[in-house]
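Below is one structure; the comments refer to it alone.
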Amino acid sequence: MDSSYSFSTLLLLLLAASIATALPENKPTTSGQINSNSVLVALLDSHYTELAELVEKALLLQTLEEAVGRHNITIFAPRNDALERNLDPLFKSFLLEPRNLKSLQSLLMFHILPRRITSPQWPSLSHHHRTLSNDHVHLAVDASAPSLRLKVDSAEIVRPDDVVRPDGIIHGIERLLIPRSVQEDFNRRRSLRSISAVLPEGAPEVDPRTHRLKKPAPPVPAGAPPVLPVYDAMSPGPSLAPAPAPGPGGPRHHFNGEAQVKDFIHTLLHYGGYNEMADILVNLTSLATEMGRLVSEGYVLTVLAPNDEAMAKLTTDQLSEPGAPEQIVYYHIIPEYQTEESMYNAVRRFGKVKYDSLRFPHKVLAQEADGSVKFGHGEGSAYLFDPDIYTDGRISVQGIDGVLFPMKETPTTEMKPAAPVVKKVAKSRRGKLMEVACRMMGSRFIPCQ
């Protein structure tokens, strides 16, 4: 009896083990599938539309879905006017550049805590909390105000517990929170030292008495009067001018031209409507590499990029000649840094402006037309269609709605001026006998006079 009981018990244990291994494990799924009652869905459908657009542009939806699958979250959402009107335009354009995607992601993750904090819990949790960007924010309570005010870092909570969901909560704040790392990156990109091609360095001076290098002059403190009068500090004439600073092509390259060219080509693709121009630069020609080398050497470029509709109008004859794509693009590259504002101001002031192109010696004609800038001649002209697609201080990309071609010079045959008609008076011819008589008689003979 005992043996049969133990055998049946063993059989039941084996059966339970096989069923347990066959069934799927009941673990929390973090596959990114969230329900319609999630705080992320509420964020995308809430009145914080500007923040929701930034989250989508930063490609953070999958990361946030995984965070919601692991724990509750708290989102500090800035108001729309804080992102539209109160934000520095330069800082906003910095965040939206493709090469600054990590800075945008760090800024947005700085507004999210991996835990749930409601407004009643605020006084007991007034200390530093780690965010999803691995930085820390400080929660505080301003008790000096007539009414209890909640603050996160320096921003005030204007809509506490605005959106409440089972997996998270959203608090509305008055302005954007900026982590120190993003602010330092923005200041570094904006600094003039980061866009100087070659830093000029003067030759070392030797003291003739000691034959040692002279020590550099101490720096002038801020606010001190200038050491030299203004006229002495002005640039001297050509005969007294110092030696020029090292030009482009020196041993030190202060630019990563290939990275900048790659950035502007990615911007063309993301902008839309300029795929043909990007394809010519990368696949059909080696112009992208040449442009990167030029930028690395310290040169600046302005690209007049025809859109896809304009490129589709090119005929087979125009592209069949050897080197035709290169010659077309060369004519659309100006070896200057021009923006939409600078070109429009130039044509408004001077009427017509001719810019040099890389297709030497042809120039690109620009003039004002219909409140915009018009390039080219006659029927082969193009208007500035999408201004300032990409501007980084070294490369400027301006979208135009046509393909430009240099004007064909027709040889002019100069008409030589007609020679003036000169009337010749026929001289009276003397006979042989008369000439002999004149020699004999001399000038006394009247017919000989």
Side-chain angles (χ1 to χ4, degrees), residues 257-258 260-295 299-340 343-344 347 352-391 395-411:
E258 294 181 1
Q260 289 181 275
V261 172
K262 185 177 179 181
D263 282 344
F264 103 75
I265 291 177
H266 278 302
T267 304
L268 279 181
L269 296 175
H270 287 298
Y271 194 89
Y274 294 90
N275 297 333
E276 296 294 333
M277 184 67 177
D279 185 55
I280 289 179
L281 291 174
V282 178
N283 297 328
L284 295 184
T285 65
S286 60
L287 292 177
T289 305
E290 295 181 23
M291 293 173 63
R293 190 178 300 113
L294 286 174
V295 175
Y299 294 96
V300 293
L301 301 173
T302 298
V303 181
L304 305 177
N307 56 21
D308 289 344
E309 294 182 4
M311 299 294 285
K313 297 178 182 178
L314 291 176
T315 62
T316 307
D317 297 337
Q318 293 172 329
L319 296 173
S320 60
E321 298 181 4
E326 288 88 347
Q327 295 299 321
I328 292 175
V329 177
Y330 278 146
Y331 189 61
H332 291 75
I333 300 177
I334 300 173
E336 303 176 20
Y337 186 78
Q338 297 286 343
T339 62
E340 184 263 346
M343 289 190 291
Y344 184 70
V347 297
K352 293 183 179 181
V353 180
K354 289 186 178 181
Y355 295 104
D356 291 328
S357 69
L358 293 188
R359 188 173 176 179
F360 185 80
H362 299 288
K363 297 178 181 291
V364 179
L365 176 66
Q367 56 187 328
E368 182 190 7
D370 302 329
S372 180
V373 183
K374 178 183 175 183
F375 301 97
H377 311 266
E379 297 180 355
S381 59
Y383 285 86
L384 185 58
F385 190 70
D386 289 319
D388 297 340
I389 296 177
Y390 180 88
T391 52
I395 301 176
S396 171
V397 181
Q398 308 293 328
I400 58 177
D401 61 354
V403 181
L404 303 175
F405 290 94
M407 188 176 181
K408 295 182 179 179
E409 298 181 357
T410 56

Expected output: side-chain Asn307 to main-chain Gly273 donor-acceptor under 3.5 Å: no
Distance check, rounded to the nearest 0.5 Å: Tyr390 atom OH versus His266 atom NE2? 10.5 Å
Tell me if the CD atom of Glu258 is crowded by more than 12 foreign heavy atoms within 6.0 Å. no
Of the non-hydrogen atoms in Met277 and Leu304, which two are nearest, and what is the gap between them? CE-O, 4.5 Å
Between Ile389 and Tyr274, is a side-chain contact (heavy atoms from CB on, under 4.5 Å) present by the stated rule, with each step listed? CA-CA 11 Å; Ile389 296 177; Tyr274 294 90; 3.7 Å; yes
Tell me the closest heavy-atom pair linking Ala278 and Leu269, and the distance in Å. CB-CD2, 3.8 Å
Tell me yes or no: between the side chains of Tyr330 and Glu290, is some donor less than 3.5 Å from an acceptor? yes
With side-chain contact (heavy atoms from CB on, under 4.5 Å) as the criterion, how do Phe264 and Leu301 come out once you've worked through the C-alpha distance, each side chain's angles and the decisive distance to 0.1 Å? CA-CA 12 Å; Phe264 103 75; Leu301 301 173; over 6 Å; no
Has Asp401 got a side-chain atom pairing as donor or acceptor with Phe385's backbone, closer than 3.5 angstrom? no
Please report the shortest heavy-atom distance between Ile400 and Leu384, naming the atom on each side. CG2-CA, 4.3 Å
Roughly how far, to the nearest 0.5 Å, is CE of Met291 from CG of Leu281? 6.0 Å
So, for Gly402 and Ala310, which heavy atoms are closest and what is the spacing to 0.1 Å? CA-CB, 3.5 Å
Could you check if a side-chain atom of Pro406 sits within less than 4.5 angstrom of a side-chain atom of Tyr331, using non-hydrogen atoms only? yes
How close do Val403 and Ile328 get, counting heavy atoms only, and between which atoms? CG1-CG2, 3.9 Å
Check Val347 against Tyr344 and note the closest heavy-atom contact, atom names and distance. CG2-O, 3.2 Å
Drop me the distance from Leu268's CG to Asp279's CG, to the nearest 0.5 angstrom. 12.0 Å
Apply the test side-chain contact (heavy atoms from CB on, under 4.5 Å) to residues Glu340 and Val373: give CA-CA distance (whole Å), side-chain angles for both, the deciding distance (0.1 Å), then the verdict. CA-CA 8 Å; Glu340 184 263 346; Val373 183; 5.7 Å; no
The reported gap from CZ in Arg359 to CZ in Phe405 (rounded to nearest 0.5 angstrom) is 8.0 Å
With a 3.5 Å cut-off and no angle check, do the side chains of Asp386 and Gln398 form a donor-acceptor pair? no
If I take atom CG from residue Leu314 and atom CD from residue Glu276, how far apart are they, to the nearest 0.5 angstrom? 9.0 Å
Residues passing the side chain to side chain donor-acceptor pair (under 3.5 Å) test with Asp356, sequence neighbours excluded, are Lys363
Within the side chain of Ser396, is there an N or O that forms a donor-acceptor pair under 3.5 Å with the backbone of Tyr337? no
Side-chain (Ser357) to main-chain (Val364) donor-acceptor, under 3.5 angstrom: no
side-chain contact (heavy atoms from CB on, under 4.5 Å) for Asp370 and Tyr383? Distances and angles first, verdict last. CA-CA 9 Å; Asp370 302 329; Tyr383 285 86; 3.6 Å; yes
Out of curiosity, Met343 CE to Ile334 CD1, how far, rounded to the nearest 0.5 Å? 6.5 Å
For atom CD of Glu336, decide whether the heavy atoms of other residues, nucleotides or ligands shown that lie under 6.0 angstrom number more than 12. yes
